[in-house]
Number of protein chains: 2
Amino acid sequence: MTKRFAPLFAPRSVAFIGASKDPRKWGFNMLNTFIRGGFPGKIYPVNHTEDEILGLKVYKSVSDIPQGPDLVVIVVPPPSVNAVIRECVSKGVGAGIVITAGFAELGGEGARLQNEMVDIARRGSMALVGPNCNGIMNPWEKLHIQFVEFFAPPGPIAVVAQSGNVLDSVVRQVMLRGMGCSLCIASGNEADLHIEDYLEYLADDPQTKVILSYIEGFKDGQRFIEVASEVSKKKPIVMVKAGKTEAGAKAAMSHTASVAGSDAIFDAVCKQSGVIRAKNLDELVHIGIALLQQPLPQGRKVGIVTGGGGWGVLAADACTELSLEVVTLPEDTIRELDTVMPAWWNRGNPVDLVAGRSREAVFKGIEILLRCPVVDAVMMLSIMPAMGFERFRASAGKVDKEIVVQAVVEAMNEFNQLAQKYGKPVVAASEQMFSDAAQETQINYAVGQHNSICHQFPHQAAAVLAALASYGEYLERNKLA
Amino acid sequence: MTKRFAPLFAPRSVAFIGASKDPRKWGFNMLNTFIRGGFPGKIYPVNHTEDEILGLKVYKSVSDIPQGPDLVVIVVPPPSVNAVIRECVSKGVGAGIVITAGFAELGGEGARLQNEMVDIARRGSMALVGPNCNGIMNPWEKLHIQFVEFFAPPGPIAVVAQSGNVLDSVVRQVMLRGMGCSLCIASGNEADLHIEDYLEYLADDPQTKVILSYIEGFKDGQRFIEVASEVSKKKPIVMVKAGKTEAGAKAAMSHTASVAGSDAIFDAVCKQSGVIRAKNLDELVHIGIALLQQPLPQGRKVGIVTGGGGWGVLAADACTELSLEVVTLPEDTIRELDTVMPAWWNRGNPVDLVAGRSREAVFKGIEILLRCPVVDAVMMLSIMPAMGFERFRASAGKVDKEIVVQAVVEAMNEFNQLAQKYGKPVVAASEQMFSDAAQETQINYAVGQHNSICHQFPHQAAAVLAALASYGEYLERNKLA
């Protein structure tokens with residue numbers, strides 16, 4: 001970890017300036033969540049009037065703290081923030097997170113205060129996150145500087161978002177999928193540290209395998225292109241860009257003082273820098289997880305195996321709309337499929353399994369497509385036949401629900417093994433027919449524990465394949481360059 | 001219920017022709033699921049060689065059944081189907097569901113057999129569903145003719161789908177949302193009964209409040225326009241149309257022998273007939289549920305209240321992209337909002353609540369927007385402040401998870417009451433910050449028990465509002481006409 005970022009992302013001691021006893025206040029909630037998150041280092045609440053908060057000794061000011069702190073979290077009202085930062089600089093504090101809002105996003109005096117803030121911090125070599133943000137999380141260090149009490153487990157996914165509530169949404173989606181995070185940053189107004197600084201850091205962070213991001217606007221578009229182009233060569237960046245429309249851009253300006261810029265230009269920026277653009281927040285998470293373990297396709301030709309005809313039609317539409325090609329299968333592949341399919345199969349792509357195929361036939365079918373030289377990627381839909389559902393039925397025909405979760409995990413793991421074997425992605429989407437809602441949740445979680453995802457609908461799987469293809473194309477272009 | 005449909009949708013006795021003891025066969029699974037579904041009438045398995053299946057006396061043929069049946073389910077191989085239908089006609093059976101595949105979707109001999117089938121049935125006044133389908137469900141009658149064992153509770157949502165697995169997907173989404181179905185029909189190849197017949201029936205079905213449909217192609221486009229235009233005046237039809245692309249259309253042809261037709265023409269058809277087009281299956285369900293209890297907006301001007309800035313930006317983008325207007329709030333509305341918002345609020349639309357607002361302030365804010373004459377609909381995002389989250393915290397600051405579900409239900413009910421009071425829709429989207437995955441599932445279910453839905457993401461809420469607006473416009477045009 002670079003010296004600059006060590007106090008921010010791996011501090012040994014953290015002070016909360018503006019800590020409070022009042023459960024309605026941020027100064028209470030941030031500290032409370034932090035304590036519950038299990039931070040192993042020193043915690044110093046700072047407050048003028050209290051002696052003890054949540055069982056911890058309170059200090060009157062940063063200056064009173066005997067040793068450190070490495071990092072300060074600032075939740076005092078806007079007019080007091082800069083004085084606090086000055087004091088921190090004097091004390092030699094290396095990094096600060098300014099939670100407080102009311103700066104550049106209000107314009108006028110707020111903007112002036114923010115400029116002053118940056119000036120003080122930079123002259124004092126203090127790295128600043130925010131202002132107008134809701135914290136950072138480094139689950140590997142049990143560092144949970146966040147408002148709401150939920151704790152992402154450590155994992156491979158980094159999230160950087162200009163919006164705190166979007167950050168929380170994305171992190172929670174990752175958690176519901178049974179996965180964990182390397183570093184989560186609400187970058188807020190990005191007064192001092194910008195998205196580019198975080199990307200540079202994450203490029204070399206050994207825990208981070210993929211970077212998810214939500215952005216409303218860039219402070220320095222040219223630097224973003226330069227940094228993102230380099231980072232993308234090392235690990236993928238997936239991004240949702242908000243402020244696409246006039247109404248959205250207006251909202252972005254009053255939210256984080258971001259100038260959204262032209263959406264068409266951002267599309268071009270993504271193409272140039274290898275950034276994978278996601279349409280919305282669920283797509284962002286889906287693509288991120290897929291990138292963790294799927295091989296990248298060499299092209300855009302897709303073979304589809306489906307347990308249900310309707311899903312095949314929807315998938316073919318979704319692929320085509322995303323410039324993936326539902327490829328015409330060569331005659332020898334059809335002949336190979338003939339050996340595992342019933343006589344009346346549709347002899348086309350999507351390969352419709354026709355209900356009731358055996359588990360073995362499904363996997364053979366997928367493997368035949370993976371071996372086919374014109375197929376770059378396989379989509380498997382409606383995985384019920386791949387689960388070998390006849391196994392679940394006792395003689396009375398009742399489904400044994402306890403082993404359904406395991407059957408999905410096994411099927412997904414076999415898809416992944418085939419993907420690795422042939423170096424081509426195999427993405428899956430399926431309803432979980434044998435499960436009630438609680439069990440479906442369990443399935444998502446259990447599958448995620450294997451770094452995997454079974455999408456709910458075909459259009460989601462298609463979006464993921466298109467993203468993998470685009471990223472593969474970027475890497476290919478840069479290999480040749 | 002019309003005489004023609006009574007034996008199909010409310011039979012007193014059902015025969016399964018091709019019933020089997022082999023758990024790998026449809027003839028076993030369909031019968032098994034049907035028995036478990038709790039049908040209160042007579043059940044007659046028909047099989048040449050068995051004496052008893054699943055504890056029921058087996059008949060050698062339909063002719064041997066002493067009384068009835070009203071309805072037959074046919075799962076024999078394709079070459080035997082028409083002989084069976086002939087026998088049913090002789091016996092005076094009123095309706096049949098042909099599960100068996102291998103007809104028009106294969107072309108050639110299959111198409112010839114299907115024509116013959118229709119001919120026999122129509123001359124014998126026997127109504128036929130399918131072939132190449134996976135059944136129908138009427139939960140009000142405990143009639144569960146379906147392959148997989150899950151039982152939708154009775155409710156207000158009808159589903160008609162040309163694809164059986166899409167039908168199951170949609171019904172399951174409805175169930176996961178805590179809601180129920182009036183009638184679910186897998187229409188398959190639509191040899192005899194077409195989508196238009198089902199729509200005509202559902203228009204007058206007192207249990208059905210909204211119709212969801214998945215279609216690959218129409219047998220008679222002109223009749224569809226005529227029927228749908230009339231039905232739409234009584235209750236809304238929401239539809240996903242597959243086969244939009246060349247690859248999708250090809251897949252549709254080999255799936256249900258459907259000619260998909262031009263997508264642009266289908267868009268025009270929807271506009272003309274009041275059919276609400278959904279982009280994908282989850283949108284289909286979301287829109288359907290919203291139509292159950294939301295007033296229709298008088299126009300496309302939206303006011304947004306958000307508990308998180310980033311969500312507001314995403315919502316503004318999503319609304320604009322769907323031709324909803326994020327309206328500029330008049331000065332007196334801003335002044336009214338000043339009375340409930342903190343001094344530094346953004347004084348714009350979206351109305352950013354700024355974290356930590358009281359529950360009361362949230363509802364007052366929504367009501368101010370609803371009273372504003374230029375606002376046609378309200379979107380509420382990130383409902384945490386509306387839940388009064390400070391209520392969940394004991395002195396130690398721990399969230400009492402047991403009442404979180406109840407708090408969401410209460411907030412959603414209050415939104416709905418405000419919507420009714422002002423005759424304008426209030427749609428909500430929120431992360432459930434205080435919940436783990438299992439609890440999120442519980443929340444969806446509990447909210448659904450009140451005919452309501454809290455969307456996961458802003459773009460989903462925007463899609464629902466746009467659908468409500470389009471349907472409102474159709475009804476308005478037809479009122480004037």
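Order of the sequence lines sets the chain letters (A, B, ...), proteins ahead of strands, with each chain counted from 1.
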Quiz: residues 317-325 of chain B side-chain donor-acceptor pairs under 3.5 angstrom, not counting sequence neighbours:
{"from": "B:Asp317", "atom 1": "OD1", "to": "A:Lys244", "atom 2": "N", "distance (Å)": "2.9"}
{"from": "B:Asp317", "atom 1": "OD1", "to": "A:Thr245", "atom 2": "N", "distance (Å)": "2.9"}
{"from": "B:Asp317", "atom 1": "OD1", "to": "A:Thr245", "atom 2": "OG1", "distance (Å)": "2.9"}
{"from": "B:Asp317", "atom 1": "OD2", "to": "A:Gly243", "atom 2": "N", "distance (Å)": "2.7"}
{"from": "B:Asp317", "atom 1": "OD2", "to": "A:Lys244", "atom 2": "N", "distance (Å)": "2.9"}
{"from": "B:Thr320", "atom 1": "OG1", "to": "A:Thr245", "atom 2": "OG1", "distance (Å)": "3.4"}
{"from": "B:Thr320", "atom 1": "OG1", "to": "B:Ala316", "atom 2": "O", "distance (Å)": "2.7"}
{"from": "B:Glu321", "atom 1": "OE2", "to": "A:Lys244", "atom 2": "NZ", "distance (Å)": "3.4"}

Is any side-chain heavy atom of B:Trp311 closer than 4.5 Å to a side-chain heavy atom of A:Ser169?
yes
Let me know if [X] has heavy atoms under 4.5 Å from chain B in its side chain, its backbone, both or neither.
X	answer
A:Asp168	both
A:Gln456	side chain
A:Tyr214	side chain
A:Thr306	neither

Between atom [atom1] of [X] and atom [atom2] of [Y], what is the distance when rounded to the nearest 0.5 Å?
X	Y	atom1	atom2	result
B:Glu105	A:Asp352	CD	CG	9.5 Å
B:Arg24	A:Ser358	CZ	OG	10.0 Å
B:Thr441	A:Glu440	OG1	CD	8.0 Å
B:Asn346	A:Met253	CG	CE	13.0 Å

B:Val148 vs A:Met384, side-chain contact (heavy atoms from CB on, under 4.5 Å): CA-CA, chis, key distance, verdict:
CA-CA 10 Å; B:Val148 186; A:Met384 200 167 73; 3.8 Å; yes
Heavy-atom pairs under 4.5 Å with chain A - which of [options] has more of them than the others?
options	answer
B:Lys279, B:Lys250, B:Gln432	B:Gln432
B:Gln162, B:Gln173, B:Met175	B:Gln173
B:Asn134, B:Leu167, B:Val313, B:Leu281	B:Val313
B:Lys25, B:His255, B:Glu431	B:His255
B:Ala101, B:Gly310, B:Gly248	B:Gly310

Name the option with the most non-hydrogen atom pairs under 4.5 Å to chain B; the candidates are [options].
options	answer
A:Val326, A:Asp282, A:Asn444, A:Leu106	A:Asp282
A:Asn349, A:Val166, A:Asp263	A:Val166
A:Gly164, A:Gly348, A:Pro78, A:Ala242	A:Ala242

Steps toward side-chain contact (heavy atoms from CB on, under 4.5 Å) verdict (B:Val240, A:Leu314)
CA-CA 10 Å; B:Val240 164; A:Leu314 290 169; 4.0 Å; yes
Among all residues two or more places apart in sequence or in another chain, which pass the salt bridge (charged side-chain N to carboxylate O under 4.0 Å, His left out) test with A:Glu246?
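A:Glu246: no salt bridge (charged side-chain N to carboxylate O under 4.0 Å, His left out) contacts found.
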